[in-house]
Engineer: 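Here it is: the structure, laid out below.
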Amino acid sequence: MSKRINFPDNFLWGTATSSYQIEGDINNSDWSDKFPAGKASNHYNLYENDFDLIKELNQNAYRLSVEWSRIEPEKGEFNQKEIDYYRKMFLALKKRNIKIMVTLNHFTHPSWFSDEKGWVNPESSIYFTLFSEKMMKEYGDLVDFWVTVNEPLIYSLKSFLTGNWPPFKKSFFSFKKVINNQIIAHKKIFKIFHEIKNDVKVGIAKNNHFFEPYKKNNVFDKFSCFVIDYFWNKYFLNKIRNELDFIGLNYYFHSKIKFPCILKKSSKIVSDLGWEIFPEGIYYILLGLKKYNLPIYITENGLADKNDTHRKDFIKNHLFFIYNAIKDGVDVKGYFHWSLIDNFEWDKGFDPRFGLIEVDYTNFNRKIRPSAYYYAEISRDNYIINE
Ligand code: BGC
């Protein structure tokens, strides 16, 4: 029997992107000479058109990031043209009545910052705080939610421990320093933003991973799972729990942990990137976040699915489990699907297609995928039908 599942009033239905992945053409960032994105999805020039699509698809919220290297291309020197550009962009969203969530740092940095050792430098939190404060002063009247750092653990892992992303370091020592400096930066920004505007909303976008012991009753597997879960999912949040107005959750992954720390991935249904699709994981992650007693926004959740084969079910099933978490007392206030449009997927380039809207990279034409219409109905009605 099919059942209508209502979401809370004023629920935010949106999508998320990041500047480098959709804007491209940034010459002085730490990514541009290593993994150039060209024009990416050419959103820099087509943002009005893309915001019309957000509106057409009934979304009432949008998460984007400001590109630090555009705005502060040299240390302490701000580019007024780019500052005005983002203001125009925010005004274009406001005009369409779309709530704005801005990420201050989504993986990329100005070259001057990375030349000074990036986040390993003890001064890094000062540099980032100064930039953030400028953003607050410029856009505080327009932005509804601020996210300081996107996925601090993913970034520090890939850039400083496994060495896949700029600056390609492989050092546990640096990895720890980066995490620590991002914690310091987050706390400073939270304080300063609240001094400037006391009802401001500041959060983090935290990638939490659903871990399970490989054998449910094996004490060794359970122990490893506990330790890994603590470090990956809780450590950072525990450190900043008093400096959060909301938690942003990015949910993509599920793994089974076999002692000492082997990640066993199951591969029943996978995305184009081979990532397992495991909707119920989001329920357990959300229950785990309940103890922080804060509003939660799903700041990212999505999949690479060029042919749009799984996206509709993916959305429906994740929303079903989010609803169950709400029913069990978790204060989830919004869902931002990753992503609005196809974009540059970091070291994997343009092949993975995460967009509700397809981008033809030869001419930047947009084409709405069928799943986007499904999500548009949900965004309009504020419910899903569970068959
Ligand atoms: C990141 C995005 C990325 C997405 C898909 C998240 O980890 O915040 O930038 O495109 O996952 O991999």
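Because the structure is a prediction, the values reported are computed rather than measured. First listed ligand is number 1; within each ligand, the first listed atom is number 1.
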Engineer: Considering only heavy atoms, which protein residues lie less than 4.0 Å from any atom of ligand 1?
Structural biologist: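 Protein residues near ligand 1 are Gln21, His106, Phe107, Asn150, Glu151, Tyr252, Trp275, Glu300, Trp338, Glu345, Trp346, Phe354.
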Engineer: Looking only at side chains, do Asp328 and Tyr283 share a donor and an acceptor under 3.5 Å apart?
Structural biologist: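 Yes, a side-chain donor-acceptor pair sits under 3.5 Å.
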Engineer: Less than 4.0 Å between a side-chain N and a carboxylate O, is that true for Glu48 and Arg96?
Structural biologist: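 A salt bridge links Arg96 with Glu48.
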Engineer: Does the gap between the ring centers of Tyr85 and Tyr44 come in under 6.0 Å?
Structural biologist: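 That pair passes the under 6.0 Å test.
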Engineer: Would you call the rings of Trp146 and Phe193 parallel, tilted or perpendicular, where under 30° means parallel and over 60° means perpendicular?
Structural biologist: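 Perpendicular.
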Engineer: Classify the ring geometry of Trp31 against Phe344: parallel below 30°, tilted from 30° to 60°, perpendicular beyond 60°.
Structural biologist: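 Rings of Trp31 and Phe344: perpendicular, as their planes differ by over 60°.
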Engineer: How about Phe253 and Trp275: are their ring centres within less than 6.0 Å of each other?
Structural biologist: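 Close enough - the centres of the two rings lie under 6.0 Å apart.
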